[in-house]
Amino acid sequence: MPNRAATRVVAHRGASGTLAEHTLAAYKLAVDEGADALECDVRLTADGHLVCVHDRRVDRTSNGRGVVSTLELAQLSELDFGSWKAARAATGTADADDTGADTDADADEADWADAEHTSVLTLERLLEFATGCGRRIELAIETKHPTRYAGLVERRLLELLHRFDLVTPADGERTPVRIMSFSQLSLRRVRELAPAIPTVFLMERVPLRFRDGTLPHGARIAGPGIDLVRANPGYVAALHRAGHRVHVWTVDDPEDVELCLRLGVDTIITNHPRRVLDQLGR
Ligand code: G3P
Ligand code: CA
């Protein structure tokens with residue numbers, strides 16, 4: 001019997017099925033909707049700030065053009081990271097990577113002009129919000145293209161997490177943070193800098209040497225994509241047998257949620273946290 005209550009729900013880029021991804025508004029909505037954790041991607045700007053942006057370029061999610069790592073925070077701050085989503089919501093156009101896009105009431109009511117809906121989000125601002133939101137909320141932070149600055153992404157990330165007392169919290173609580181990456185090198189750097197922080201090895205395909213359910217040295221959690229799980233459902237059991245937890249992304253289709261539950265997946269990462277929580281009966 002699937003344990004619906006035990007399955008954790010992570011808001012992928014915030015409640016990004018409803019509001020523009022990686023905006024503060026999308027994260028606030030995710031917390032209001034009851035998500036257990038917030039997922040974000042981080043990249044370094046040209047002047048060394050960590051910002052929450054998925055793509056290498058800003059073109060898809062803003063009204064600007066250019067590569068994130070070549071732009072300064074002040075330049076990113078002039079861009080509008082929200083209106084593209086409003087336009088899609090108004091026309092009912094699905095996001096390119098969203099299997100379950102909707103134009104629900106939250107989107108209709110959203111104040112698209114508000115800065116929380118349109119500003120680039122720094123990781124610092126997201127941590128401020130998450131640590132002050134009034135309840136424990138976990139953070140699943142993904143490092144993107146970490147080699148460009150030869151480890152600087154991980155160093156800056158750990159500096160910031162230390163500043164927020166999120167690495168080995170003084171209150172003795174376990175850290176609410178985990179760091180994810182498709183890059184084994186990035187995870188290795190994180191482990192060396194902060195062994196207490198759990199790492200998640202993201203996979204679109206299973207590398208040959210990890211077919212038995214083992215993971216790169218030190219990685220505690222597996223992060224397979226839902227396509228991989230659909231094609232190879234037995235892999236979840238192999239990961240569990242090897243002692244790893246399994247966090248699957250990006251699970252928006254109710255049938256995929258059921259599949260994850262049947263397989264005993266520990267955590268579902270979704271663009272639609274409220275919908276998934278409803279399906280879990282939470
Ligand atoms: O949560 C993991 C997932 O976000 C990885 O894929 O492309 O959405 O960052 P992507
Ligand atoms: Ca991600």
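Every number for a ligand or one of its atoms is a count from 1 in the order of the listing. Because only heavy atoms are used, hydrogens play no part in the values below, and waters and symmetry mates are left out as well, while side chains stay in.
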Exercise. Please determine which of Arg13, Arg43, Arg60 meets the salt bridge (Lys or Arg N to Asp or Glu O under 4.0 Å) test together with Asp55.
Key: Arg60
Quiz item: Counting from 1, what ligand 1 atoms have a heavy atom of His54 closer than 4.0 Å?
Solution: 7 (O), 8 (O), 9 (O), 10 (P)
Quiz item: Just wondering, do Thr270 and Val9 contact through their side chains at under 4.5 Å, heavy atoms?
Solution: yes
Practice problem: For Ile269, counting its heavy atoms only, list the atoms of ligand 1 lying under 4.0 Å from any of them. | Solution: 1 (O)
Self-check item: Proximal atoms of ligand 1 relative to Lys144 (non-hydrogen, under 4.0 Å)
Solution: 7 (O), 9 (O), 10 (P)
Practice problem: Would you name the N/O/S atom of Asp41 that lies closest to the Ca ion (ligand 2)? | Solution: OD1
Quiz prompt | Proximal atoms of ligand 1 relative to Met180 (non-hydrogen, under 4.0 Å) | solution = 1 (O)
Practice problem: Identify, by name, the N, O or S atom of Glu39 lying closest to the Ca ion (ligand 2). | Solution: OE2
Practice problem: Please answer whether the main-chain N or O of Ala238 pairs with a side-chain N or O of Asp212 as donor and acceptor at a distance below 3.5 Å. | Solution: no
Quiz item: Is Arg13 near ligand 1, meaning one of its heavy atoms is under 4.0 Å from it?
Solution: yes
Quiz item: Is the closest N or O pair between Glu142 and ligand 1 shorter than 3.5 Å?
Solution: yes
Exercise. Give the ring-plane orientation class for Tyr27 versus His22, where under 30° counts as parallel, over 60° as perpendicular and anything between as tilted.
Key: tilted
Practice problem: Give a yes/no on ligand 1: does Thr250 have at least one heavy atom closer than 4.0 angstrom to it? | Solution: no
Quiz prompt | Element-labelled atoms of ligand 1 that are located less than 4.0 Å from some non-hydrogen atom of Phe182 | solution = 5 (C), 6 (O)
Quiz prompt | Shortest-distance N/O/S atom, Glu142 versus the Ca ion (ligand 2) | solution = OE1
Quiz item: Thinking salt bridges, do Glu21 and Lys85 make one under a 4.0 Å N-O criterion?
Solution: no
Practice problem: Of all the heavy-atom pairs spanning Arg135 and Val31, show the shortest one and how long it is. | Solution: NH2-O, 2.9 Å
Exercise. State, yes or no, whether a side-chain contact exists between Leu261 and Leu280 at a heavy-atom distance under 4.5 Å.
Key: yes
Exercise. Any atoms of ligand 1 less than 4.0 Å from a non-hydrogen atom of His12? List them with their elements.
Key: 1 (O), 3 (C), 4 (O), 8 (O)
Quiz item: Can you find a heavy atom in the side chain of Tyr235 that is under 4.5 Å from one in the side chain of His240?
Solution: no
